[in-house]
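As the structure is a prediction and not an experimental result, all values here were calculated from the model. In what follows, chains are A, B, ... by sequence order, proteins preceding strands, each numbered from 1.
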2 protein chains.
Amino acid sequence: MNSQNSQNSQGSQSPQGSQGSQRVQDSPRAQTGAAARRVTYTPDSLLEVAVTVFNERGYDGTSMEDLARAAGITKSSIYHHVKGKEELLTRGVNRALDALNASLDTLEDLPDAGDLDRVEQAVFRAVQILVEELPYVTLLLRVRGNTEAERAAQASRRAIDQRLAGFVERAAAAGALRTDLDPRLASRLVFGMVNSVVEWYRPGPGRWSADDVASAVTHVVFDGLRRR
Amino acid sequence: MNSQNSQNSQGSQSPQGSQGSQRVQDSPRAQTGAAARRVTYTPDSLLEVAVTVFNERGYDGTSMEDLARAAGITKSSIYHHVKGKEELLTRGVNRALDALNASLDTLEDLPDAGDLDRVEQAVFRAVQILVEELPYVTLLLRVRGNTEAERAAQASRRAIDQRLAGFVERAAAAGALRTDLDPRLASRLVFGMVNSVVEWYRPGPGRWSADDVASAVTHVVFDGLRRR
DNA sequence: TAGAGTAAACCGAACGGTCGGTCGGTTCCA
DNA sequence: TGGAACCGACCGACCGTTCGGTTTACTCTA
């Protein structure tokens, strides 16, 4: 029978498919020749496929067979590129964590920005990163904590939440925010709204851009929805 | 050896534990005698345990053995009360869907409430229900869509989202909301903030009450965080 | 009131199937 | 021709579920 390949070729991407970041000639360990033709996976291009499937079916709901089908290769071939399922998860969440932490670093190093300015910047940048790294941040936000690797990701995420909450508390202490709201509660709500973007945002022409969403969030958060 | 019982008795609830809604004498099919003593599970009290574990480990990450351990009974005993794992999921999400739909029904039947009033009421009530039925709504919001039952739950949830978005659009059409925001985008953000409450809210004395959170959300959403 | 009978609640063992992962190859290309 | 990329077959463990049997709490009857 051997129906594997004929079933694969329809309904899921082969390496030549639309994923778009497989190794051709400009990838990490590119072939040295002038015109490399073979299209194969790199750990990163495989990660892109894997994270997409993880976000569709959930990490625990995704089998290695699911990943193989989506990638257009066999289950055993995946182990040529990565150690196993968990490495795909940690690589995915680390990409999100790195982007978020880098943004926070530059924000904290801003020499003489006002405390309110910094919070506004933090909200705006958070939405931007969330959209730029949408699948990876989505994966991070849905991590449950069933393994040691997942708990580590959760801990790193909590650290980021606390850095953001610190911005809000400083702005509140400086008197820039309304005083009838607990800053910790306000912070939860604001970044809850920010993070909820992963549940519905999808990029594409004719749709909202990252900046559209970022400025909408910033406007709602700081000035509210009511007409005035 | 038979270490089953001695292991169970520490670290997880037995039917006599703190779950609090097992059948004693006032439950659905109660014993007829004057002083029934035996404490057993009902489908509903078992559901309460199951939904808690589902929310901790994720539905796909929870095995029937996990549920049995948390309930203090064996895996096979669970099947005396429910048909299987999926029935626990559908019962759980339906409880959330029923509560949310009931609230929307009363809100839509409000005879002469202003369009802005209705949106404010919708936001406030949504947070209240979310807190009252916290574990069940949490389960609903995390459903992935891997089975037919899960996709049905997602469809019901989308219908609720659209009813809520309808309120926002009517208020916008009536000129009650700021005009520089797409009402559909505003609706996504507002109920994204509302739903994000399940990610961190935990009830308890000395903590925020449901109304604390509900009014905080309403204030931020309609008037913003900025001091004025 | 002793004891037979009943049905719900629960248990241990096992089922077929799927899981993540391994291994010994074969194919492809610089 | 050497090594990267990939494959098919397979492994032990665990999955959700089933099944036959036991325990428990209670009612009915002699």
Side-chain angles (χ1 to χ4, degrees), chain A residues 1-5 8 14-16 22-25 27-43 45-46 50 54 57-69 71-89 146-147 149, chain B residues 1-5 7-8 14-16 22-25 27-43 45-46 50 53-54 57-69 71-89 146-147 149:
Chain A
M1 196 68 72
N2 195 6
S3 60
Q4 178 87 338
N5 275 331
N8 277 354
S14 65
Q16 295 83 356
Q22 285 84 6
R23 187 195 307 175
V24 182
Q25 63 178 11
S27 307
R29 283 178 279 160
Q31 277 82 348
T32 53
R37 301 210 158 270
R38 193 183 185 188
V39 177
T40 62
Y41 279 105
T42 60
S45 68
L46 184 60
F54 285 161
R57 313 175 72 90
Y59 176 71
D60 284 316
T62 302
S63 70
M64 294 302 279
E65 191 62 52
D66 290 331
L67 295 184
R69 201 177 304 118
I73 57 179
T74 60
K75 210 171 50 152
S76 53
S77 296
I78 295 176
Y79 291 86
H80 179 73
H81 302 286
V82 293
K83 283 186 125 180
K85 193 183 180 187
E86 192 159 60
E87 182 181 323
L88 288 167
L89 180 70
N146 295 334
T147 66
Chain B
M1 198 68 72
N2 196 7
S3 60
Q4 179 87 340
N5 277 330
Q7 283 187 355
N8 277 353
S14 66
Q16 295 82 356
Q22 285 83 6
R23 187 194 305 173
V24 181
Q25 64 178 11
S27 308
R29 283 177 277 163
Q31 277 83 348
T32 53
R37 301 210 158 272
R38 192 182 185 188
V39 177
T40 62
Y41 278 106
T42 61
S45 68
L46 185 60
V53 183
F54 285 160
R57 313 174 71 91
Y59 175 70
D60 284 316
T62 302
S63 70
M64 294 302 277
E65 191 62 53
D66 290 332
L67 295 183
R69 200 176 304 118
I73 59 179
T74 59
K75 220 169 39 153
S76 53
S77 296
I78 294 175
Y79 292 86
H80 180 72
H81 302 286
V82 293
K83 283 186 131 182
K85 195 184 180 186
E86 191 158 59
E87 182 180 324
L88 288 167
L89 180 71
N146 295 335
T147 67

Would you indicate which nucleotide in D:dC6, C:dT22, D:dG16 comes nearest to any side-chain atom of A:Y79?
-> C:dT22
Could you check how far CE of A:M64 sits from C1' of D:dG8, rounded to whole Å?
-> 16 Å
Whole angstrom value for the distance that separates C1' of C:dG20 from CG of A:L89 | 14 Å
Kindly say if B:H80 contacts the phosphate of C:dA9, meaning a side-chain N or O under 4.0 Å from OP1 or OP2.
-> yes
To the nearest Å, give me how far apart CG (A:D60) and P (C:dT18) are.
-> 18 Å
Tell me which nucleotide among C:dA9, D:dC7, C:dG20 gets nearest to the side chain of B:T40.
-> C:dA9
Quick one: does B:Y79's side chain get under 4.5 Å of B:E87's, heavy atoms only?
-> no
Ranking C:dG21, C:dC11, D:dC7 by distance to the side chain of A:K75, first place goes to C:dG21
Any A:S77 side-chain N or O less than 4.0 Å from OP1/OP2 of D:dA5 = no
For the student: nearest non-hydrogen atoms of B:D60 and A:G61, plus distance | OD2-CA, 3.6 Å
Whole angstrom is fine here: how far is it from CD1 in A:I78 over to C1' in C:dC19?
-> 13 Å
Under the 3.5 Å rule, do the base of C:dG21 and the side chain of A:K85 count as making a donor-acceptor pair?
-> no
Would you say a side-chain N or O of B:H81 is under 4.0 Å from OP1 or OP2 of C:dA8?
-> no
Can you check the B:I73 CD1 to D:dT17 C1' distance for me, whole Å?
-> 15 Å
Closest approach of B:L89 and B:F54, non-hydrogen atoms and distance?
-> N-CE1, 4.2 Å
Nearest-Å distance for atom pair CG/C1', residues A:L88 and C:dG21 = 13 Å
Using atom CZ of B:R57 as one end and atom P of D:dC14 as the other, report the distance to the nearest whole Å.
-> 13 Å
Answer with base, sugar-phosphate or nothing: what part of the nucleic acid does A:S76 contact at a heavy-atom distance below 4.0 Å?
-> base
Considering all heavy atoms, the nearest A:T147-A:E86 contact | OG1-OE2, 2.9 Å
With the side chain of B:S63 defined as its heavy atoms from C-beta on, choose the nearest nucleotide among D:dC15, C:dC10, D:dC6.
-> D:dC15
When every non-hydrogen atom of B:V53 is compared with those of B:D66, the smallest separation belongs to CG1-CB, 4.4 Å
A:L67 has an atom CG; how far is it from atom P of C:dC19, in whole Å?
-> 11 Å
